[in-house]
Every structure is written in structure tokens, then in C-alpha cells.
Amino acid sequence: MKKQNKQWYRIGEVARKLDIAVETIRMYEREGILLIEKTATGQRIFTNEDLNWLRCIRKLIKEERLNIEGIRRLLAMMPCWKIRPCSIEERSECPAFNGAMQPCWTMKEKIPLTCRAQNCRECSVYQTAAHCENIKEIVYNAYRVTDSRREG
DNA sequence: ATTCTGACA
DNA sequence: TGTCAGCA
């Protein structure tokens, strides 16, 4: 399937290529750890980036022994305020900054208008989270307390 | 033929 | 997580 110079796959193809049940893929989306584009008729369509993120999810589950909840929490801890710098005022009103248990794209309506993305799939926060094999490192580094006398 | 949503012995 | 119904 093609659409503007870009390769797209339907859920069945993805399931076959990655050996994941179609139902499982839909569940990942329901659980908020995956955001998928849909056609006007409601059909999910996947890009190569989506496939890569799905492979990462499988790896986190099989090798890092995380479950959906664990992945969701990891995603919820993405340092969005560093990826998309925001003001003190915005932060005070933002559930994503104030220790949310869900990724920001699952509570789009509660994100400050000044930061809210029109399309979360195109937002750098989602793209950073959903394409990275080393998401744990990103999160750990973002929260690590550094010694200001020796670093930064 | 394939996918979608919603429901559930 | 699976699966079946009834649609598009």
C-alpha cells in the first residue's frame, strides 16, 4: 500500500511480518502505548516507524520483562518538558509534567493548549518515545540527579 | 478477502 | 488474551 512516497501497511500485514496477533496490536493501541493512523474509513495503517516501535515493544516485553503497564509508565515518564520546553505556567497546569501515569498523548485534552499537539503522532514527544530502543536510558538520564559541581 | 467495534460462555 | 457477530 502506498500514499505519498511512503510505505504503509495494514494490520494484517504487520501481524504477519512481526508475528504478533492482530488482536494484540489493537490491544497495544487501546492500552495507550501505540498511536496508529487511520484512514477515512477507520482502517489502521502503519508506517515503518510504527513497525519499529512494535518491535521495540516486543523487546521490552520479552527481554526487559515489562508488561503493558510497565511500558505505559515508562512512556508516561518521557521528559516531554525537555523535548518541547515549556513555561512554569504551562507546567503547573500540565498533568503530563506533574507525574501522570499515562503518556501525554492519551490525555491530549488535558494538555495546555499552548503545548497540545494537533496530531500527537507528529509530535516530537511521541516520535522520540515510539521510535527508541533505548527508552529506558532516556528516561533514566532525564531524571538522574547530577552533581552540579562536576557536571552540567 | 480484510478490518472494525463491541460484547462475552 | 481469544473469539464471534454484524458491518463497511
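Letters go in sequence order (proteins before strands), and every chain restarts at 1. Side-chain atoms are counted along with the backbone in the values below, which use heavy atoms only and exclude waters and symmetry mates.
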Exercise for the section: Starting at the 5' end of DNA chain C, write a dot or bracket for each base, bracketing those in Watson-Crick or G-U wobble pairs whose two distances are under 3.5 Å and using | for partners on another strand. Expected result: .|||||.|
Practice task
Could you tell me whether A:Glu63 and A:Arg58 have a side-chain N and a carboxylate O separated by less than 4.0 Å?
Solution key: no
Problem - Short N-O contact, A:Glu13 and A:Arg10, less than 4.0 angstrom - result: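 The answer is no: the pair does not qualify as a salt bridge.
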Problem - Linked, directly or transitively: A:Ile33 and A:Leu54 (ILVMFWY side chains, under 4.5 Å) - result: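 Both belong to a single hydrophobic cluster.
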Practice task
State yes or no: do A:Ile68 and A:Met107 share one hydrophobic cluster built from I, L, V, M, F, W and Y residues joined by side-chain heavy-atom distances below 4.5 Å, directly or via other members?
Solution key: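 In one cluster with A:Ile68: A:Met107, no.
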Measure [atom1]/[X] against [atom2]/[N] and give the value in whole Å, please.
| X | N | atom1 | atom2 | result |
| --- | --- | --- | --- | --- |
| A:Gln43 | B:dC4 | CD | P | 5 Å |
| A:Arg26 | C:dT1 | CZ | P | 13 Å |
| A:Ile45 | B:dT2 | CD1 | P | 18 Å |
| A:Arg10 | B:dC4 | CZ | P | 8 Å |
| A:Ile25 | B:dT5 | CD1 | C1' | 17 Å |
| A:Ile57 | C:dT1 | CD1 | P | 11 Å |
| A:Arg58 | C:dT1 | CZ | C1' | 12 Å |
| A:Phe46 | B:dT3 | CZ | C1' | 11 Å |

Using a cut-off of less than 4.0 Å, is there contact between a side-chain N or O of [X] and OP1 or OP2 of [N]?
| X | N | result |
| --- | --- | --- |
| A:Arg44 | B:dT5 | yes |
| A:Lys38 | C:dA8 | no |
| A:Thr41 | B:dC4 | no |
| A:Thr39 | B:dC4 | no |

Practice task
Please determine, for the side chain of A:Tyr28, which listed nucleotide (C:dT1, B:dT5, B:dT2) has the closest atom?
Solution key: C:dT1
Handout entry: Out of B:dT5, C:dT3, C:dT1, whichever nucleotide has its closest atom nearest the side chain of A:Met27
Key =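 Nearest to the side-chain atoms of A:Met27, counting from C-beta on, is C:dT1.
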Handout entry: A:Ser87 and A:Glu90 side chains, donor-acceptor separation under 3.5 Å
Key =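 There is such a pair between these side chains.
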Exercise for the section: Would you check if A:Lys136 and A:Glu64 make a side-chain contact, meaning some heavy-atom pair closer than 4.5 Å? Expected result: yes
Practice task
Could you tell me whether the side chain of A:Trp53 reaches within less than 4.5 Å of the side chain of A:Tyr126, counting heavy atoms only?
Solution key: yes
